[in-house]
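First listed ligand is number 1; within each ligand, the first listed atom is number 1. No experiment lies behind these values; they were computed from the predicted model shown.
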Amino acid sequence: MNSITLNPKRDYSTIHHHPWIFSGAVREVTGTPRSGETVAVKDSKGRTIGYGSYSPASQIRVRMLSFAPDAVPDASFIANLVAASIGRRADFWVRGETNAFRLVNAENDGLPGVIADYYDGFVVLQLASAGAEFWKDAIVDAIRQFVPGCRGVYNRSDVDSRTREGLRTSSPAADAPLPNEVGLLAGEEPPELIPIQEGAIKYLVDVRRGHKTGFYLDQRDARDAVGSLANGADMLNCFSYTGGFGLAARAAGALSVTHVDASSAALDLARRNTDLDHLCGTKCDYVEADVFKQLRLYRDQGRSFDMIVLDPPKFADTKAGLMRATRGYKDINLLAMKLLRPNGILATFSCSGAVTPDLFDKICAEAAFDAKRDFQIVARTRQASGDHPVSLNFPEGLYLKGLILRAV
Ligand code: SAH
């Protein structure tokens with residue numbers, strides 16, 4: 001088997017089970033491993049400490065699959081990892097509170113670059129790394145075997161990280177995704193919109209055209225937290241996508257919900273999601289606009305709200321984009337803070353991995369200072385527990401941070 005040997009002092013994190021090996025840590029490559037192929041990983045003294053997937057184009061040169069010299073990954077090893085990961089979610093089927101949840105959370109479930117989300121019998125797969133792509137068939141077979149009542153497996157691997165992984169040979173046009181990245185992998189074609197339910201709330205999910213695999217499953221716990229504070233509120237749901245937080249607030253008795261998003265398709269689906277339930281009493285508005293501009297417009301109009309949600313897309317992909325991201329977060333948080341009524345609630349999120357929880361706290365504290373408002377932290381949220389675990393050896397796994405603040 002081909003192998004890599006690590007530099008002295010650079011083997012520490014691999015010995016301590018961090019799954020990523022950066023190119024600078026590699027002293028020597030023996031053989032010419034292909035993209036995604038498994039290599040033996042040796043410490044600086046030449047002892048095999050595990051195995052990982054080789055990615056010749058990426059800065060993350062190897063992603064670890066096993067940390068034991070005798071655990072050589074093959075198709076059945078991968079199938080066992082998939083089965084174990086699904087097994088850890090067995091409770092979701094038993095409890096039946098929701099029929100949409102994450103089955104495989106990439107590195108945090110020992111399967112680097114592999115995301116598998118379950119939507120009422122259909123599994124949507126996202127293969128973001130060379131190793132994930134290499135093991136595609138084994139992963140799909142295992143999903144079909146181990147997901148109870150699996151109806152179909154659909155590929156949504158149209159992610160930019162595949163360019164960094166050297167998996168894309170051309171750049172996809174907006175309306176024509178690359179054929180090996182999007183489409184049916186096994187079983188039945190999913191319906192145009194898959195109806196899912198989260199507690200008492202129903203949503204329609206567009207797994208073909210929606211963001212990520214179709215729905216922000218990672219915000220499930222935060223939607224609950226926001227709902228619990230929304231009774232009687234006039235709520236502004238910024239970056240609403242298909243309605244998520246607004247629907248949770250409506251179900252909890254919000255007086256009004258104003259959804260703001262730049263995407264008309266997302267707002268159309270938010271409208272349809274609202275119509276799934278005949279709850280009366282909540283006035284719902286849908287505003288197609290840039291949140292940065294809309295918040296300024298509300299400021300100029302003297303509008304105010306009891307509750308504001310800010311759940312923007314990732315502002316920083318890498319450490320290099322951090323400055324711009326920091327300015328973006330500060331701007332929207334400052335504007336939103338000024339629009340809050342006394343005792344109003346701000347639920348603010350960052351899904352940029354490069355923005356640490358500490359930094360996000362600081363950005364919000366500075367925004368509050370500039371807004372001349374004081375806030376209490378009511379709750380902190382992170383990606384939904386249970387189906388979005390974070391591996392203790394992989395701090396990068398915690399990408400989603402939320403602060404629920406009350407103006408005092
Ligand atoms: N809160 C949502 C997920 C938000 S995803 C949920 O829980 O389901 C981010 C959303 O922000 C996307 O729908 C995208 O269309 C929207 N968006 C991105 N940039 C924007 C901008 N500048 N103004 C308004 N919406 C924007």
Considering only the protein, which heavy-atom contact is closest to [atom], and what is its distance?
atom	result
atom 18 (C) of ligand 1	P313 CG, 3.4 Å
atom 23 (N) of ligand 1	V291 N, 2.9 Å
atom 12 (C) of ligand 1	H211 CE1, 3.2 Å
atom 1 (N) of ligand 1	D311 OD2, 2.6 Å
atom 13 (O) of ligand 1	D261 OD2, 2.7 Å
atom 25 (N) of ligand 1	A262 N, 3.0 Å

Check: Q219 N/O within less than 3.5 Å of ligand 1 N/O: no

Check: F239 N/O within less than 3.5 Å of ligand 1 N/O: yes

Test: D234 and R303 ion pair at under 4.0 Å: no

Ionic contact status for R144 with D141, cut-off 4.0 Å: no

Taking [X] for the side chain and [Y] for the main chain, is one N or O donor matched with an acceptor at less than 3.5 Å?
X	Y	result
N155	N180	yes
H16	Y12	yes
R156	R208	yes
N7	R10	no
D311	C238	no

Take the angle between the ring planes of [X] and [Y] and call it parallel below 30°, perpendicular above 60°, tilted in between.
X	Y	result
F292	F315	tilted
Y203	F215	tilted
W93	F101	perpendicular

For ligand 1, which atoms sit closer than 4.0 Å to a heavy atom of [X]?
X	result
F245	1 (N), 7 (O)
S263	15 (O)
Y241	2 (C), 3 (C), 4 (C), 8 (O), 13 (O)

Among the heavy atoms of [X], does any lie under 4.0 Å from an atom of ligand 1?
X	result
R223	yes
A289	yes
D290	yes

Ligand 1-proximal atoms of Y216, by part, heavy-atom distance under 4.0 Å: side chain

